[in-house]
Amino acid sequence: MVITHQLDETIEFGRKLGQRLRPGDVIALRGNLGIGKTQLVHGIAQTYLGAPTHVCSPSFTIINRYDANGRAIHHLDLYRLSTLEELESTGYWDAIEDPNALVLIEWLEQVDRAQPIEFVTIDMNFADDSDLSTSARTFALLGHGELYERLAPLFA
């Protein structure tokens, strides 16, 4: 498990993750609103793409794509969806099956049967309930397979 105490630490942890990620990797980011999922994506994008990248939540667009230096990230947010029918028109299946892009999915648990064949989950939680704006965040890696093995040392 990893613990961060400030937003810049969450971004820095994302940078470390970005160093270990490859095209075709799929990661679900699970956690409450305001936990820092998009900030983690910001850190991942900086390192993975090797360029400053403006990252914003795809809450309304469902999918944001970031490109730099011949690499791509599909950043998805399923928070506003609840059925496979709603998901069908978004380009979701094309994005998660793109072997040339890293895929980062917020709120995957919102839509039953939307899970990719292979993925890992980063479970994000507040460490306590006192003041959520300053509360520490915990990060745990869930899953199995080659991607899990590649990322697990960062969570030890």
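Quick caveat: nothing in here was measured; it's all calculated off a predicted structure.
- Put simply, the side chain of His75 does not reach to within 4.5 Å of the side chain of Asp77, judged on heavy atoms.
- Although no hydrogens or angles enter the test, the distance criterion places a donor-acceptor pair under 3.5 Å between the side chain of Arg71 and the main chain of Tyr48.
- In the hydrophobic cluster analysis, where Ile, Leu, Val, Met, Phe, Trp and Tyr join through side-chain heavy atoms closer than 4.5 angstrom, Val2 is grouped together with Leu147.
- With hydrophobic clusters built from ILVMFWY side chains whose heavy atoms lie under 4.5 angstrom apart, Ile63 does not share a cluster with Ile73.
- Shown here is Glu109, whose CD atom has more than 12 heavy atoms of other residues, nucleotides or ligands within 6.0 Å.
- For Lys16 and Glu12, the salt-bridge test fails: no basic side-chain N is under 4.0 Å from an acidic carboxylate O.
- With rounding to the nearest 0.5 angstrom, the OG atom of Ser57 is 10.0 Å from the CD atom of Gln39.
- Side-chain contact check for Leu141 versus Ile122: some heavy-atom pair is nearer than 4.5 Å.
- At least one side-chain heavy atom of Trp93 sits under 4.5 Å from a side-chain heavy atom of Leu84.
- Atom OG1 of Thr38 sits about 10.5 Å away from atom CD1 of Ile44, to the nearest 0.5 Å.
- Remark: Arg30 CZ to Glu106 CD distance equals 14.0 Å, nearest 0.5 Å.
- The backbone N or O of Gln46 sits nowhere less than 3.5 Å from a side-chain atom of Arg15 that would complete a donor-acceptor pair.
- No path of Ile, Leu, Val, Met, Phe, Trp and Tyr side chains, each step under 4.5 Å between heavy atoms, connects Val111 with Leu29, placing them in separate hydrophobic clusters.
- Looking at Asn64, its side chain never comes within 3.5 Å of a backbone N or O of Val55 through a donor-acceptor pair.
- Rounding to the nearest 0.5 Å gives a distance of 10.5 Å between CD of Glu97 and NE2 of His74.
- At distances below 3.5 Å, at least one donor-acceptor pair connects side-chain atoms of Asp25 with backbone N or O atoms of Arg22.
- Here the CG-CG distance, from Leu87 to Leu78, works out to 6.0 Å after rounding to the nearest 0.5 Å.
- By the 4.5 Å heavy-atom criterion applied to side chains, Asp98 and Arg65 are counted as neighbours.
- Residue pairs meeting the ring-ring contact (aromatic ring centres under 6.0 Å, His included) criterion with at least one partner in residues 95-118, sequence neighbours excluded, are Tyr79-Trp107.
- Cluster annotation: Val26 is not connected to Leu154 through the hydrophobic network of ILVMFWY side chains, with a link wherever side-chain heavy atoms come within less than 4.5 Å.
- In Leu33, the CG atom is crowded: over 12 heavy atoms of neighbouring residues, nucleotides or ligands sit closer than 6.0 Å.
- Atoms CD and CD, on Glu146 and Glu118 in that order, are 9.0 Å from each other to the nearest 0.5 Å.
- Side-chain contact between Phe13 and Phe155 is present, with heavy atoms from C-beta onward closer than 4.5 Å.
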For this session: For the pair Tyr92 and Leu76, evaluate side chain to side chain contact (heavy atoms under 4.5 Å, CB included) and give the outcome as yes or no after the intermediate values.
Result: CA-CA 8 Å; Tyr92 173 80; Leu76 299 89; 3.3 Å; yes
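- Using a 4.5 Å heavy-atom cutoff, the side chains of Pro116 and Leu108 are in contact.
- For the side-chain contact (heavy atoms from CB on, under 4.5 Å) criterion with Leu21, the lone passing option out of Val103, Leu151, Thr47 is Leu151.
- Between the side chain of Arg150 and the backbone N or O of Arg20 there is at least one donor-acceptor pair closer than 3.5 Å.
- In terms of heavy-atom proximity, Ala72 sits nearest to Asp67 at CB-OD1, 3.2 Å.
- A donor-acceptor pair under 3.5 Å is formed between the side chain of Lys37 and the backbone N or O of Asn32.
- Side-chain contact between Arg137 and Ile35: present, with at least one pair of heavy atoms (C-beta onward) separated by less than 4.5 Å.
- Follow the hydrophobic side-chain contacts under 4.5 Å out from Phe139 and you reach Leu102 in the same cluster.
- At a threshold of 4.5 Å between non-hydrogen side-chain atoms, the residues Leu40 and Leu17 count as touching.
- Asn69 places a side-chain N or O within 3.5 Å of a backbone atom of Leu49 that can act as its donor or acceptor partner.
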